[in-house]
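Everything below concerns the one structure shown next.
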Amino acid sequence: MNDYLSRLNAEQREAVETVDGPLLVLAGAGTGKTRVLTTRFAHILLTGRAFPNQVLAVTFTNKAAREMRERVSAILGRPAEGLWLGTFHALCARMLRRHADLVGLSSSFNILDTDDQLRLLKQVMEAGRVDAKRWVPQALMAIIQRWKDRGLTPERVTPAEDTDFADGKARTLYAAYQERLHALNAADFGDLLLYMTEILRGHPDVLAQYHRMFPYILVDEYQDTNLVQYLWLRLLAQAHKNICCVGDDDQSIYSWRGAEVENILRFEKDFPGARIIRLERNYRSTAPILAAASGLIAHNEGRLGKTLRPGGNDADGERVTVVSLWDSDEEARMVGERIESLRRDGHALAEMAVLMRAGFQTRAFEERLITLAIPYRVVGGLRFYERAEIRDAIAYARMLHQPADDLAFERIVNVPRRGVGEQALRAMHERARERQIPLSAAALSLAEEGALRGKVRDAIKELFAGFARWRELLERDGHVVTLATLLDESGYTEMWKQDKSADAPGRLENLKELVRAVADFDTLAGFLDHVSLVMENEESAESDRVGLMTLHAAKGLEFDTVFLPGWEEGLFPSQRTMDESGAKGLEEERRLAYVGLTRARRRAIVSHAANRRIYANWQSSIPSRFIDELPDAQVERSGSAALQRDRMIAAPSFGGAGFGGQFPMVARRPVRTIEAWEQPARPARADAIPVGARVFHQKFGYGTVTAAEDDKLDIAFDKAGAKRVLDRFVERAK
DNA sequence: TCAAGGTCTGTTTTT
DNA sequence: CAGACCTTGA
């Protein structure tokens, strides 16, 4: 019966069973953090301490929330329903809908995403006569976000806080922005937390209500919380103090996004008598990998102190490999070859990943893997609801739901093209301001008065006739049918059908997927909430593919084999981070390296290249200091770094704007290695592909060759449209 | 209004 | 180099 407890080690069990009172669990990488959290959740329920809806469980990502829900259900042996389990934002949105009036919103408020925010800010800046060329709106957005991260409403921002943006106008602009949001009955992501915290601070009755509702609180990834999130949690936990936070200060890699590791240190102060339990037994990685990671992170100061120890399996395992290479091409080749050889030995591709510092680095590996015909998946990138077509479709849906949604109206009024340009839009804005009416109403009145010219007027009238029809349809046939009809009748689907670009078919697919997804919701409103807070990219089929992703995206994942390329000064640690955040920045970079290494179960291959192509030209770089910080005993170095160093010294060097101009630039074009000379750059192919041939490309699919020049082929792809690609990236189709 | 050409600028990302 | 963004000209 206590079966679920028997699967835990002593510390884990303690963390699960210490149910009452504040508890901080410092869980090192791979020490069973999620297991503790989910088991604890289930334990609280199974011991009858609380009903499922009395535990507030908070995560950062939807993925983590989903996972937790599944695992709790698994322990309970039945689907866990009625839980308050979700991201900070989703939970706050849910709460805020009940108290929206307390902050001057109606409960049907819209949640704006980054795109809407930015457009709104631009308008606010324009109205405030701030030159958008001198001061980029993005910078203001970042400032406002940081303020919100710290729980600062415009009134709480002191003049001293007001940075030098637009000569100290940021605070005023922030206030104006909030006013606009109110006028639109909208909140941005930051507002969800900011408002809820304000409400809990200012309304003891509401606070007391939540204290009764949630006798238990669980928090995942605590090291990533920012100040408002912390304040929100503290308010909610204040009465009963049954709060359990799980985190790892060594894996704090989001300070640039407002996260404050200090929240971990503060925990004991705010909750006197808090228990602290350390989970240090790692069940994921081999001893050498753990030792290497520990040795590296030991270079950081101000840690809470944790040492990962091998959990079960004995101390064997391959040492961490450090490979020195001449240039980035060689690095990509090395990684490709090793993946191939592991694959030959029967290792699954899905158990391998290439983790890098920045997104642009994926490209080199993508190209290499395409030539080797190794399937891969790029993790990250655009999320589903960030795609233009999805955002457009959602804007249409929002107009249906709330005709006064100015931002949605502005987005779709000329998509597809209706001839509504800058001028017409300006007239609408003017009218809307004059009469204090929504933009759409202004547009309609202008059209009816004939203030808009023929074509534009007809188009606007037709659009409104459409919306009238679709709203009727919504009443009668429900939201699924309506959305599909709307997309067709508005000409939106047609627009993409006419579009000849390569991604148009994919976009149409996405739109279909969207309509399918709407069917999962009872109401349009429910769907709209989901879409702005939760909707993610459905990962295509669980097929066997190598993962390519940033180190940030890799957090929380694990693989048998992990490749860590690009460990060079300037790139990793990133020069920019060090310039901006100094010693603190460097420590965060080191934690990122630690996160990377601890993703590996059995093998970690670190590499660096002496020369790398950045933008147009070649630059040389020296190995990352993190490589030197790996304990020698755990590391096997290969690729004759010494030789590389000699060459770098021998090469003519000149200063220049490199990575911050710090590093000696060596050869503009690297001297090729002997190995590279032996391999002709372009292997002459006897089987040159003739014009008219049917070919297959890993990324673009099937197509027909329309022209050939040297090794470049012009191909009309069936799905992806016309492209020019190198012949070695395609194979002839049978 | 819109397509074509020119300039600029290059982290990390969730909600 | 390559994508994003903006200005320009029709």
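All of these numbers come straight from a predicted model, not from anything done at the bench.
Under 4.0 angstrom from either OP1 or OP2 of B:dT14 there lies no side-chain N or O belonging to A:Thr87. In this model, the phosphate group of B:dT15 is approached by a side-chain N or O of A:Asn62 to a distance below 4.0 Å at OP1 or OP2.
Regarding A:Asp115, its CG atom lies at a distance of 13 Å from the P atom of C:dA4, rounded to whole Å. A:Ile614 places its CD1 atom 14 Å from the P atom of B:dG10, with the value rounded to the nearest Å. One interatomic measurement links the two molecules: CG of A:Leu85 to P of B:dT15, which rounds to 14 Å at whole-angstrom precision. Whole-Å rounding puts the A:Lys148 NZ to B:dT15 C1' distance at 13 Å. A:Gln223 has its CD atom 15 Å from the P atom of B:dT14, to the nearest Å. The nearest whole Å value for the distance from the CE atom in A:Met141 to the C1' atom in B:dT14 is 13 Å. Taking atom CD1 on A:Ile460 and atom P on B:dT1, their separation rounds to 11 Å, with Å as the unit. Atom P of nucleotide B:dT13 and atom CZ of A:Arg576 are separated by 13 Å, given to the nearest angstrom.
Closest approach to the A:Arg357 side chain among B:dT15, C:dG3, B:dT12 is made by B:dT12 (side chain taken as heavy atoms from C-beta onward). Between B:dT15, C:dA2, B:dT13, one nucleotide has an atom nearer to the side chain of A:His89 than all others, and that is B:dT15. Looking at the side chain of A:Arg613, the nearest of the listed nucleotides C:dC1, B:dT15, B:dT13 is C:dC1.
Taking a centre distance below 5.5 Å and an interplanar angle below 30 degrees as the stacking criterion, A:Trp256 stacks against the six-membered base ring of B:dT12.
Residues from residues 408-420 of chain A lying near DNA chain B, meaning a heavy-atom separation below 4.0 Å, are A:Asn414, A:Arg417, A:Gly419, A:Val420 in numerical order.
A donor atom on one side chain and an acceptor atom on the other are found under 3.5 Å apart for A:Asp188 and A:Tyr177. Side chain to side chain, A:Asp191 and A:Gln178 meet the donor-acceptor criterion of an N or O pair below 3.5 Å. Checked by atom type, the side-chain pair A:Asp405/A:Asn110 shows a donor-acceptor distance below 3.5 Å.
Aromatic ring centres of A:Tyr254 and A:His552 lie closer together than 6.0 Å.
C:dC5 and B:dT12: their P atoms are spaced 15 Å apart (whole Å).
Contacts of A:Ser574 with the nucleic acid, taken as non-hydrogen atoms under 4.0 Å apart, include base atoms. Contact annotation for A:Gln229: no contact, since no heavy-atom pair falls under 4.0 Å across all strands. Among the protein residues, A:Gly359 comes within range of the sugar-phosphate backbone only, with heavy atoms under 4.0 Å from sugar or phosphate atoms but none that close to a base. At the heavy-atom level, A:Arg591 lies nowhere under 4.0 Å from the strands shown.
A residue-by-residue look at A:His552 and A:Phe88 shows that A:His552 has its nearest nucleotide of DNA chain B further toward the 5' end. Residue whose closest nucleotide on DNA chain B sits further toward the 5' end, between A:Glu580 and A:Gln423: A:Gln423.
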Candidate pair A:Lys33 and A:Asp248, rule salt bridge (charged side-chain N to carboxylate O under 4.0 Å, His left out), full reasoning: CA-CA 9 Å; A:Lys33 174 191 73 136; A:Asp248 180 0; over 6 Å; no

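Heavy atoms from other residues, nucleotides or ligands lying under 6.0 Å from CD of A:Gln423 number 12 at most. For A:Glu462, the CD atom is loosely surrounded, since the number of other residues' heavy atoms within 6.0 Å does not exceed 12. At most 12 heavy atoms of other shown residues, nucleotides or ligands fall within 6.0 angstrom of atom CD in A:Glu126.
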